[in-house]
Amino acid sequence: MQHGVGIRQSSVCRTGFSPCFGTRPHMPRYNPAEIEPRWQQYWEQNKTFETPRLPAGKKLYALDMFPYPSGSGLHVGHPEGYTATDIVCRYARMNGYAVLHPMGFDAFGLPAEEAAISKGIPPRESTEKNISNFRRQLKMLGFSYDWDRELATTDVPYFRWTQWIFLQLHDTWFDEEQQKGRPISELPIPADVQAAGSDAIRTYIDQQRLAFQSDALVNWCPGLGTVLANEEVIDGLSERGQHPVVRMPLRQWMLRITAYADRLENDLEGLDWSEGIKKLQRDWIGRSTGAEVDFFIGGSAEFDAWRASRQASGFPKEASADCLRIYTTRPDTLYGATYMVIAPEHPAVDRLTTPEQQAAVTAYREATAAKSDRERQEEKKKKTGVFTGAFAINPVNGRPIPIWIADYVLISYGTGAIMAVPAHDDRDFEFAQQFGLDIVAVVDPGDATDVDRALVLAGQQCSTGHGLAYQSGPYDGLKTAECKERITGDLSEAGTGRAAVNYKLRDWLFSRQRFWGEPFPLLHELDDDGNPTGMIRPVPEDQLPVDLPHLEDYKPHGRPEPPLAKADDDWLYPVIDGKRYRRETNTMPQWAGSCWYYLRYIDPNNDQALVDPELERAWMPVDLYVGGAEHAVLHLLYARFWHKVLYDRGHVSTAEPFQKLVNQGMILGEMEATGFQTPEGTWVSARQVSPGPERGTWVRQGTDEPINAVHVELGQVEKKGDSFVLKEDPAIVVDARSHKMSKSRGNVVNPDDIVRDYGADSLRLYEMFMGPLEATKPWSMDGVKGVRGFLDRAWRLVIDDRAEAIVLSDAVVDSPCSDEARRTLHKTIKAVTHDLDGMSFNTAIARMMEFVNFFTKEAERPREAMNAFALLLAPFAPHMAEELWAALGHDSTLAYEAWPVHDEQWTVDAAIEIPVQILGKMRSKIRVAPDADAATMEAAARADEKIQGQLEGKTVVKVIVVPGRMVNFVVK
RNA sequence: GCGGAUGUGGCGGAAUUGGCAGACGCGCUAGACUCAGGAUCUAGUGAGGUAACACUCGUGGAGGUUCGAAUCCUCUCAUCCGCACCA
């Protein structure tokens, strides 16, 4: 590799060519360290990639998921997606598109604050330092961003509008009938609320807002000093930092994303996203349909009277105190409900528990509450629960059934209570068996193969499938689907039930008790004594933004009061219209800023609106959005939700923000081999090793004998069968594979190193050449070297590498292409264009390699072919392409040159080789014209010597000829 | 457990969607230029087989459909990634 070759000064400079800053260094060989910064400077100074305010003709909005600027800088995973969009953008510009291709930083959030605390630097300071480093790294890779549109979610003028959008959410209610968010001023107030006075009206209105306060149980993480969204808790531990999380009731801000669940699900259909991601979102939303049913609590004697009153009143909106409301997706199994279960946290527990059971119930509830989510998960295998002593009456058959509490029923889903049908639900079956509860089959599985019908009907096996209603009174014999419908209808008429829909999706817990986030633009009204009145006032729009106050100490203290509560009185207690308020001291979660940044890029400096409507209409939607699959659910769901609210309120023109989504695959570390040894150093085959009890430890299979994992050089390993073994002892299987890059493993590749050693164009090209964008693929330094070799050859194709300055190679001539050269050229143009259209970058690069291989062997390399090549290369390796383009005599950037067009007639050869098969096996090849018809091809095949020999003495039963493809003789 | 994805040379990956398996790159082997080579160029490189051809086998495995299967169908195995008591 030639690094820093010829940095010696020289006065050679192409005339009239602007990127020649001062003197040109002598550079006969390809030297990216010199070329790349020079072109980056050229693009910046000439504002080459400045985006027009409004697109004049065709537009392309290509968006990268903006990075979170961590202290460790860019990872090689970032440039993967960024290079892909950059290629698409550069290609689009050359095809006459107006291209919006912006970049920014998602800079608020927990990790920034944690890092800041650990280093003792204020978050804003460390964030800005990290952003500069990221910006430097991104610029060094030559992406064609319009840097004038750069933004960070932490910029005060930016989060002014984040706060503004929050106020929109606060000012919006969801009209179920219209399935639409509407201004809160249009909310109809029910007569009974109206009658209850202004406080009741305020309370009612506040509870209808999309941003509302709730006392629900939340995930409190003492380690981080904040509550977390369900999505941020994994296995009972915080996603960031893996601290334990406990459930506790706290008053928090919530966003009513569940109101949009149906639209979020339905609108997925029209999006150009992978089915996998769509399914992930659908599953996350988790829509289910079924019924809510009220079970009367009380004696059989009063049941008839209750039933009569329900018949008259209909199904009440809220469950009355004399009944227990459950949600089920299988109303058809109502006759098989032999007991009920309510969540330990259910408000009815106290009411239901009988004196005799009180002690047991209290003990169970305490035990459950003390358990962290983590412990609950670990124990989820075996069911636990306690009888409350109470009974409910099954509304369809009047039979009393016991009510239990158990933690396998979740308070946060449905109504927090279930009817248990052990014959047809695995969990209920397990529970019933454990506690000796009745099991009554009510669905005849018929000839279903996965269960034994006799056992099911006898209540000895659980069957969750569909079938025919059984032991279900008037419904006997009905198919499950029909039975569901009939029973739901009948319950509805009887006033004891109704059809219902539920979602796994929960409302979005939106407040955090941390410093480094957007303050909520809300004020709590105080009375004369300084106590909150419970009234909330939004900060007037013209007083936005609410900036973060300066705090000496912003560290979390493990208690749920937010750090902003420690702000000066000036900040904390504003006075408006003579009234004193206390600011809301919660901050928004990291997701807030990333929910709408794609809109701000369109009009980043607007201080009148979050985006100018005319510009928004012109640029939206995002045509291509590329990023990691880790955001498949959270970010993309939250952003879609906000977008829909903005859409309903008339601030944006599209129902969906991201038309096409592509998830780049993960880049793994270099392949490595791991062998296993006993502590004494004896090799053990990987086949005999299994993971130990602790993470990252190993034991001999079936024993607790500890085994050490040791690194093995790849040179000491060879392939044997399906696995890799030690060369010195082939009985020892080693584990050879690539692992996720991680600091602890020490296999992280730093883009700075790659750019220094090979150049940005090599890094870009390599990441695209590794394989399909969406695939997970291992890093390989040899692979980087390989593409660098290609760029070296491409350079020598055009440039005289033995000259003193950058001048054309003597082989580059003005004469026209030979027929063969012209075919190569046009085939390459066609293939590269086709592959680009399909975002198949790896194969496009392979085609360009073939082009270079061909012309390297040519003594004459016509200028027209070299010009076209520079243009084809430009999206992928823009620095080199610009340099070649300049050397070929052009005096300005190729960024807006027209993309080369192929001529179809030059993409076909004069004669093509066609395989001739006999019984499907290739026996010979013939040469025919590419447009030869079937008869000509068959004749040519029959004329072939080898084929004649093979056909001798056999009868040709059939001849299959695919013009342009093959000939096949079927013989006897 | 449920769901999704992926299995092709020593490695990363191609294959116009049912038509010459292994494009392109890495690695490896040999040669050339040569003080030298971790530079460059040239040739070769799936396995078996042959002096060289021929030929045989070959896309995780087993069946099937077809003149023809990496590609379609059935079953099966492995790896990776999600989700995980959602009634």
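All values below were derived from every heavy atom in this structure, side-chain atoms included, with hydrogens, water molecules and symmetry-related copies excluded. As the structure is a prediction and not an experimental result, all values here were calculated from the model. Reminder, nothing fancy here: chain letters follow the sequence lines and each chain counts from 1.
The glycosidic torsion of B/U34 lies more than 90° away from 0, which places this base in the anti conformation. Anti is the conformation of B/G58, whose glycosidic angle sits further than 90° from 0.
Taking the P atoms as reference points, B/U65 lies 29 Å from B/G3, given to the whole Å. Straight-line distance between the C1' atoms of B/G19 and B/G31: roughly 38 Å, to the nearest whole Å. Rounded to whole Å, the P atom of B/G22 lies 16 Å from the corresponding atom of B/G58. Rounded to a whole angstrom, the distance from the C1' atom of B/G63 to that of B/A69 is 14 Å. As rounded to the nearest Å, B/U45 and B/C24 have P atoms that lie 12 Å from one another. Rounded to whole Å, the separation between the C1' atoms of B/U42 and B/C35 comes to 23 Å. Here the separation of B/G12 from B/G27, taken at their C1' atoms, is 11 Å to the nearest Å. Here the separation of B/C2 from B/G10, taken at their C1' atoms, is 37 Å to the nearest Å.
Look at A/S288 and you'll find a side-chain N or O under 4.0 angstrom from OP1 or OP2 of B/A87. Here A/R796 reaches the OP1 or OP2 of B/C41: one of its side-chain N or O atoms lies under 4.0 Å away. Not one side-chain nitrogen or oxygen of A/R282 sits closer than 4.0 Å to the OP1 or OP2 atom of B/G3. Phosphate proximity of B/C57 to A/K921: present, with a side-chain N or O under 4.0 Å from OP1 or OP2.
Annotated stems with RNA chain B as a participant read B:1-7 with B:77-83, B:10-12 with B:24-26, B:27-32 with B:40-45, B:46-48 with B:55-57, B:60-64 with B:72-76, given as range with range, by first number; only runs of 3 or more Watson-Crick or G-U pairs under 3.5 Å qualify.
Side-chain atoms of A/S288 and A/Y413 form a donor-acceptor pair, as typed in the model, at a separation below 3.5 Å.
Between A/R796 and A/D792, no side-chain nitrogen of the basic residue sits less than 4.0 Å from a carboxylate oxygen of the acidic one, so the salt-bridge criterion is not met. No salt bridge links A/E850 with A/K827; every basic N to acidic carboxylate O contact stays at or beyond 4.0 Å. Salt bridge status for A/D294 with A/R325: present, with a side-chain N to carboxylate O gap under 4.0 Å. Salt-bridge check for A/R927 with A/D909: failed, with every basic side-chain N at 4.0 Å or more from each acidic carboxylate O.
For A/M781 and B/G12, the CE to C1' distance is 15 Å, given to the nearest whole Å. Atom P of nucleotide B/G12 and atom CE of A/M666 are separated by 16 Å, given to the nearest angstrom. Residue A/L773 contributes atom CG, which lies 13 Å from atom P of B/G13 at whole-angstrom precision. Atom pair A/M768:CE and B/A14:P shows a separation of 13 Å (rounding to whole Å applied). Rounded to an integer number of Å, the gap from A/E275 CD to B/U6 P is 13 Å. Spacing between atom CD1 of A/I405 and atom P of B/A87 amounts to 22 Å, rounded to whole angstrom units. Atom NZ of A/K777 and atom C1' of B/G12 are 11 Å apart (whole Å). Counting to the nearest Å, the C1' atom of B/C85 and the CG atom of A/D428 are 10 Å from each other.
Remark: the A/K383 side chain and the B/C85 base include a donor-acceptor N/O pair separated by less than 3.5 Å.
Note on A/R287: nothing from the nucleic acid sits closer than 4.0 angstrom, heavy atoms only. A/T776 comes within 4.0 angstrom of sugar-phosphate atoms only, judged by non-hydrogen atoms across all strands, and of no base. If you check every strand for non-hydrogen atoms under 4.0 Å, A/S780 touches nothing. Counting any heavy atom pair closer than 4.0 Å across all strands shown, A/K719 reaches sugar-phosphate atoms only and no base atom.
By the ring pair (Phe, Tyr, Trp, His ring centres under 6.0 Å) test, A/F855 pairs with A/F851, sequence neighbours left out. Evaluation of the salt bridge (charged side-chain N to carboxylate O under 4.0 Å, His left out) rule for A/D426 yields no partner, not counting sequence neighbours. Under the ring pair (Phe, Tyr, Trp, His ring centres under 6.0 Å) criterion, A/F790 pairs with no residue at all, not counting sequence neighbours.
When the nearest nucleotides of RNA chain B are assigned to A/G286 and A/P772 by heavy-atom distance, the more 5′-ward of the two goes with A/P772. Each of A/T289 and A/T856 lies near RNA chain B, and the nucleotide nearest A/T856 is the one positioned closer to the 5' end.
Side-chain proximity of A/R737 to the nucleotides B/G12, B/C80, B/A87 is greatest for B/C80. Of all nucleotides listed (B/A87, B/U56, B/C85), B/C85 comes nearest to the side chain of A/D407. Between B/C11, B/A87, B/G27, one nucleotide has an atom nearer to the side chain of A/K785 than all others, and that is B/G27. Comparing B/G3, B/A87, B/C67 by their closest approach to the side chain of A/K958 singles out B/C67.
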message: Please encode protein proximity along nucleotides 17-25 of chain B as a string of B, S and -, counting only heavy-atom distances under 4.0 Å.
response: --BB--BBS
- request: Quick one: do A/Y339 and A/F431 satisfy ring-ring contact (aromatic ring centres under 6.0 Å, His included)? Show the steps, please.
  value: CA-CA 10 Å; A/Y339 66 102; A/F431 191 83; 5.6 Å; yes
- request: Starting from the C-alpha separation in whole Å, work towards a yes-or-no answer on side chain to side chain donor-acceptor pair (under 3.5 Å) for A/S412 and A/R506.
  value: CA-CA 8 Å; A/S412 51; A/R506 310 290 150 88; 2.7 Å; yes
Chi angles and distances behind the side chain to side chain donor-acceptor pair (under 3.5 Å) call for A/S924, A/D944: CA-CA 8 Å; A/S924 185; A/D944 183 83; 2.8 Å; yes
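The cationic atom of A/K383 (NZ for Lys, CZ for Arg) lies less than 6.0 Å from the six-membered ring centre of A/Y408 and within 45° of the ring axis.
Of the candidates A/L268, A/V662, A/L280, A/L268 is the only one forming a side-chain contact (heavy atoms from CB on, under 4.5 Å) with A/W273.
Of the possible donor and acceptor atoms, one in the side chain of A/D507 sits under 3.5 Å from a partner among the backbone N and O of A/T258. In this structure, A/E80 contributes its side chain and A/E767 its backbone to no donor-acceptor pair below 3.5 Å.
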Distances for protein N/O vs nucleotides 43-48 of chain B N/O pairs under 3.5 angstrom?
none

